[in-house]
Participant: 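Supplied in C-alpha cells, the structure appears directly below.
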Amino acid sequence: MTLATARGVPGQLTVALQTAAGRIIVTDSVTFCDDRVGPDDVVVAGSFAGATALGFVLERGVRALIAHEAGVGRDAAGISGLPLADRLGIPAAAVATMSARIGDGASIMDDGVINHANATATALGVKPGLAARDAARLMLAAPPGRPAGPLLDRVPRVVVATDHGRIVLTGSMSFCDARYRGDVLCAGSHGGRVNIPPVLAIHPRGAIFNDGGMARERSGVNGLPALHDVGIGAAAVASASARIGDPDSMWATGVVSAVNDTAAAFGVRVGQTVPVAARLLLERQN
C-alpha cells in the first residue's frame, strides 16, 4: 500500500514510520481511514478519542490508536474510546488537550503529550507524560488488529420539524448528505477545520458542534469562520456541558461556548442552550 506523503491535505494519510513490524500512519481525521489502513498499522489521528470517533477505525481493525482527549469533557466522553478499544484488545491513548491541535494529525504526532492510556497500551509502556511519537513506536509491539463488528450509529435523527426546515441530531457531520441541506445539524463532531468540508458540501441552514475542549490555539472551533464565509450560522458547545460524539447529550445539556459572525447575527449567543440556538438558526429570516 502506498499513501500520500503530503500533510495538511484533507483526506490524506501520511506514513510517519515504516518498519518490518508495521507502520505508523498520521491523519487529521479517523474518517479518512479506508482500505489504505490495515491491521498492522498504528493510527495517530487528530480526532477526539471518544467511542464515536475511534469506532471508525476499530470497526476496520488496526494495531493501535492515538487521538486527542478533547478536554475529556462531560462523563469523560473525550476518552470513552479507550475502554472500548481495551475490550477489543487494542492499545489506545489520548494526548493532553492543550498539548496539540485537535483535527491536526501532525500536531498530535509532533506536539502531543500522552495524558491517558488504556490498560492494553499501558502494558506496552505507554503512560502519561510520554511524547505521542514515542508512544506510537511502543505500540508497534502490539499484535495486529482485527476488524470489529458494527460499532457506530450512523443514522441522523430529526428532533424538530417546521415549515422552515428541521433540526437534526447526528453523531458525526460525515453521516449527513445533501438530503439535510435545509436543516440545522447538531453533531457530536468537534468544530475544527477538518470537519468543515462535509458541511460545505451539504450547505445546511446551520450547524452546531462540540468545542473539543477548545484545545491548542482554539483548534476545536477554528472551522466556524469558514462557515461564516459562506453564510452558514455555526456554533459550538462546551465539552464540559455535553458529551462529545453524542448529539442527544448536546441537545439535552449543551451550552454554547463559541459562535461565528453569521450565527451571532441571527441572535445565537454564548451561554444559550442548544435547543434555543438551533431554533434561532432554523427560524432565521434570511
Side-chain angles (χ1 to χ4, degrees), residues 29 46-53 68-81 97-98 101-103 153 156-160 166-176 180 183-196 198-199 204-228 232-284:
S29 172
S47 302
F48 68 98
T52 302
H68 197 285
E69 71 176 10
V72 181
R74 189 179 182 101
D75 300 330
I79 56 171
S80 61
T97 302
M98 293 302 170
R101 293 182 294 275
I102 196 169
D153 177 3
R157 182 165 64 88
V158 175
V159 289
V160 173
R166 305 175 298 179
I167 298 174
V168 179
L169 305 185
T170 180
S172 169
M173 284 296 183
S174 66
F175 297 157
C176 293
Y180 301 93
D183 301 326
V184 174
L185 305 180
C186 301
S189 309
H190 66 78
R193 292 190 188 103
V194 72
N195 287 327
I196 299 308
V199 185
R205 199 168 181 85
I208 303 179
F209 304 81
N210 193 286
D211 71 10
M214 291 298 183
R216 184 171 175 170
E217 299 167 18
R218 288 180 63 85
S219 52
V221 296
N222 65 8
L224 303 189
L227 296 179
H228 162 71
I232 298 174
V237 303
S239 63
S241 72
R243 294 185 294 274
I244 189 169
D246 183 345
D248 290 305
S249 176
M250 171 189 288
W251 185 250
T253 61
V255 176
V256 173
S257 60
V259 302
N260 68 5
D261 290 343
T262 302
F266 299 142
V268 180
R269 300 286 184 267
V270 170
Q272 288 174 342
T273 65
V274 170
V276 169
R279 284 184 178 275
L280 287 169
L281 293 174
L282 185 66
E283 297 168 2
R284 68 191 200 188

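These numbers come from the heavy atoms of this one structure, side chains and all, not from hydrogens, waters or symmetry mates. Residue numbers count from 1 along this sequence.
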Participant: Among Asp75, Asn210, Thr52, which residue satisfies the side chain to side chain donor-acceptor pair (under 3.5 Å) criterion with Arg243?
Facilitator: Asp75
Participant: Atom CG in Leu169, atom CG in Asp183: separation rounded to 0.5 Å?
Facilitator: 11.0 Å
Participant: Check Val256, Val274, Ile167 against Ile208 for a side chain to side chain contact (heavy atoms under 4.5 Å, CB included) and give me the one that passes.
Facilitator: Val274
Participant: Run Arg205 and Leu281 through side-chain contact (heavy atoms from CB on, under 4.5 Å) and show every step you take.
Facilitator: CA-CA 7 Å; Arg205 199 168 181 85; Leu281 293 174; 5.9 Å; no
Participant: Heavy-atom distance under 4.5 Å between the side chains of Thr262 and Ile232, does that happen here?
Facilitator: no
Participant: Is there a side-chain contact (heavy atoms from CB on, under 4.5 Å) between Gln272 and Val259? Walk through the geometry before answering.
Facilitator: CA-CA 11 Å; Gln272 288 174 342; Val259 302; over 6 Å; no
Participant: Checking Ser189 side chain against Phe209 main chain: does a donor-acceptor pair fall under 3.5 Å?
Facilitator: no
Participant: Taking Ser241 for the side chain and Ala238 for the main chain, is one N or O donor matched with an acceptor at less than 3.5 Å?
Facilitator: yes
Participant: Arg269 side chain to Ala264 main-chain N or O, any donor-acceptor pair under 3.5 Å?
Facilitator: yes
Participant: Tell me whether Ser80 contacts the main-chain N or O of Ala51 through its side chain, where contact means a donor paired with an acceptor under 3.5 Å.
Facilitator: yes
Participant: So, does Thr97 use its side chain to make a donor-acceptor pair with the main chain of Gly71 at under 3.5 Å?
Facilitator: yes
Participant: Count the heavy atoms of every other residue, nucleotide or ligand shown that sit under 6.0 Å from CZ of Arg216, and state whether that count exceeds 12.
Facilitator: yes
Participant: For the residue pair Ser257 / Asp211, report whether a side-chain donor-acceptor contact shorter than 3.5 Å exists.
Facilitator: yes
